[in-house]
Amino acid sequence: MAGGRFQRARLMSMCAAALCAVATAVAAPLDDWRASVAQTRQLADNDGPTAYEQARRLQATLPADATPVDRARALNVLARTEIHMALTKPATQHAEQALQIAAEAGDRVGQAEAEINLSLTAINEGRIDRLVETTTHSLSLLDGIQRPELLAEAMLRTSVMYRRIGQIDDSVTLAMQGMDIAKRSANELALVYAHHGLALAYDQSGRLVEASEQYEQMRRHAQAAGSKVLEAYAVLGLAGMAVQRGDTDGGMVLNRQAIAMFEATRTPANLAIAYYTLAYNLHRQGRIVEAATEINRAVAIYEANPHRIGMWFALKVRSELHEARGERAAAQADADRGYALAGEIDAPYYRAESARRLARLAAAAGDHKRAYTLATEATEMQSRAAAERSSARMVELTQRYRTESRQRELAELQRRG
């Protein structure tokens, strides 16, 4: 009888071991898949096309036992690769899908990641109202979540949003708060975003030496974090500081170094920005032929990968370069195209700048009546832009974040007490 009990116990132990082995066999593919998602997110900052194809493959091979959190995470990674590849429309669609899935699952991290991605596509599309909404919401979602790198990026995006709507004090304050949080976390990626935020704040204030120091720190932490894209942006920032300080040659060297780094990552959206920046700086120095070469490269990228805001900026500079070379027809064509794009974007700032550009060309051609009409339109659009920056909706959203932030600080103080 004792022998029978022993046999039954042994059989039960064997069955438990077999069940455990089966469970492990089933779980292993999901664990591997999750590891691939994390690896793809880091790869996105170093090799755009490979990461994009890998992210698409992860969508096609979604394990049957994947959770909604997994699905949202994979969609967010896909959206981020599409942002780097200048695929704004699909990036927006996938980030919105991730946001819906994460919201239904109560996944605040997934929602925050989606909102950060949507804030980036909102900038590309010139949707300032959407930018305010997404950045504000991402910060609220991350309250109490231990993801310092995600919080630091959300704070950077929100700080940039504050600058765009003219709330400079809020922008600087948030950048400084982001640095405090990043230092406490000692997370390399969080420190990258925090130094970037302070660099922009110092640059905005004309404190170029301090801004350069922050970009240097940003570059160092980006190297430690293994992000070639963020390292290249730090170098591009250093290039801008050098040019503003009068070191034109040094700035050009750094600008071309950033271009080489972006070329290595094969991320068109970032590379186009670097080409545009170089063209802009060359144009300011009167090096028209060289500037035209660089801006044509940026335009070519935006032709292949539609990006309305990027194309608008590139067309504006290229129109000015054509005018400087006496190519009036080409200058007019680019200005007309930019004006049409501004209408599609329907953001007052872009419409005002495009109208002002056309007014200048009309005046140069002797069409003073049209020049006056366009100049009037530019003034009206500029006034509308100022009004929208201080609109009730934006004030409401930013005030709501400040209130929630104070409430969190008070709650934390009470908890500690």
Side-chain angles (χ1 to χ4, degrees), residues 40-56 75-96 113-127 130-131 134-135 153 156-157 160-161 164 192-193 196 200 218 222 227-237 239-240 255-280 294-318 338 341 344-345 347 350:
T40 302
R41 175 62 187 90
Q42 183 166 16
L43 185 63
D45 281 3
N46 295 279
D47 184 346
T50 302
Y52 175 52
E53 290 304 319
Q54 200 161 296
R56 294 178 66 188
L75 281 166
N76 275 320
V77 170
L78 177 58
R80 184 57 67 102
T81 65
E82 289 166 335
I83 289 168
H84 282 325
M85 298 301 292
L87 302 172
T88 300
K89 187 174 182 179
T92 300
Q93 292 172 344
H94 290 131
E96 286 176 342
E113 285 183 312
E115 292 286 31
I116 291 172
N117 283 332
L118 288 170
S119 74
L120 294 171
T121 60
I123 292 173
N124 296 345
E125 294 174 338
R127 298 182 60 185
R130 186 71 183 276
L131 174 63
T134 54
T135 52
E153 184 177 7
L156 170 64
R157 306 303 174 199
V160 171
M161 177 273 292
R164 285 178 178 271
V192 174
Y193 292 124
H196 196 183
L200 293 171
M218 178 186 172
S227 173
K228 187 65 69 177
V229 161
L230 293 175
E231 182 186 352
Y233 270 116
V235 173
L236 194 61
N255 204 149
R256 294 187 187 281
Q257 182 181 338
I259 286 174
M261 295 171 73
F262 283 132
E263 286 175 338
T265 65
R266 301 190 296 164
T267 52
N270 304 311
L271 183 57
I273 291 172
Y275 284 144
Y276 167 83
T277 303
L278 182 55
Y280 178 82
E294 301 303 331
I295 202 63
N296 283 334
R297 288 173 175 162
V299 170
I301 289 175
Y302 293 135
E303 294 283 13
N305 307 278
H307 190 295
R308 290 189 299 184
I309 294 296
M311 180 63 90
W312 182 87
F313 276 105
L315 289 171
K316 181 175 181 291
V317 169
R318 194 168 74 169
L341 267 177
E344 292 175 13
I345 297 166
Y350 302 101

CD-CZ distance between Glu113 and Arg41, expressed to the nearest 0.5 angstrom: 8.0 Å
Test item: Asn270 and Tyr233 side chains (from C-beta on) under 4.5 Å apart, heavy atoms: yes
Gap between atom CG of Leu118 and atom OG1 of Thr135 - 0.5 Å precision: 11.0 Å
Considering all heavy atoms, the nearest Ile259-Ala274 contact: CG1-CB, 3.6 Å
Close side-chain approach of Leu200 and Leu156, heavy atoms under 4.5 Å: yes
Under 3.5 Å donor-acceptor, Asp45 side chain and Val229 backbone: no
Ionic contact status for Arg130 with Glu96, cut-off 4.0 Å: yes
Nearest heavy atoms of Asn46 and Lys228, plus distance in Å: OD1-N, 3.1 Å
Residue pair Tyr275 / Val299, side-chain heavy-atom distance below 4.5 Å: no
Whether His307 and Tyr302 hold their rings parallel, tilted or perpendicular, with breakpoints at 30° and 60°: tilted
Check: Leu278 main-chain N/O paired with Asn255 side-chain donor or acceptor under 3.5 Å: yes
Evaluation steps, side chain to side chain contact (heavy atoms under 4.5 Å, CB included), between Ile309 and Thr88: CA-CA 11 Å; Ile309 294 296; Thr88 300; over 6 Å; no
Derivation and outcome, side chain to side chain contact (heavy atoms under 4.5 Å, CB included), residues Phe262 and Thr265: CA-CA 5 Å; Phe262 283 132; Thr265 65; 4.2 Å; yes
Shortest non-hydrogen contact between Asn117 and Asn76, atoms and distance: ND2-O, 3.2 Å
Value rounded to 0.5 Å, distance of CD1 in Ile295 from CZ in Arg318: 8.0 Å
N/O donor-acceptor pair under 3.5 Å between Asn305 side chain and Ile301 backbone: yes
Taking every non-hydrogen atom, the tightest pair across Tyr350 and Phe313: CE2-CE1, 3.8 Å
Beyond-backbone contact of Thr81 with His84, side-chain heavy atoms, under 4.5 angstrom: no
For the student: nearest non-hydrogen atoms of Trp312 and Gly338, plus distance: CD1-O, 3.2 Å
Any side-chain heavy-atom pair of Thr92 and Glu125 under 4.5 Å: yes
CD on Glu231 to CE on Met261, rounded to 0.5 Å: 3.5 Å
Thr50 vs Arg266, side chain to side chain donor-acceptor pair (under 3.5 Å): CA-CA, chis, key distance, verdict: CA-CA 9 Å; Thr50 302; Arg266 301 190 296 164; 3.1 Å; yes
Atom of Pro49, atom of Met85 and distance for their closest heavy-atom approach: N-SD, 3.8 Å
Side chain to side chain, Tyr280 and Glu294, heavy atoms closer than 4.5 Å: no
Distance, nearest 0.5 Å, that separates OG1 of Thr40 from CZ of Arg56: 13.5 Å
Leu78 side, atom CG; Gln93 side, atom CD - distance, nearest 0.5 Å: 10.5 Å
Salt bridge (Lys or Arg N to Asp or Glu O under 4.0 Å) evaluation trace for Arg297 with Glu263: CA-CA 12 Å; Arg297 288 173 175 162; Glu263 286 175 338; over 6 Å; no
Arg80 and Leu120, any side-chain heavy atoms less than 4.5 Å apart: yes
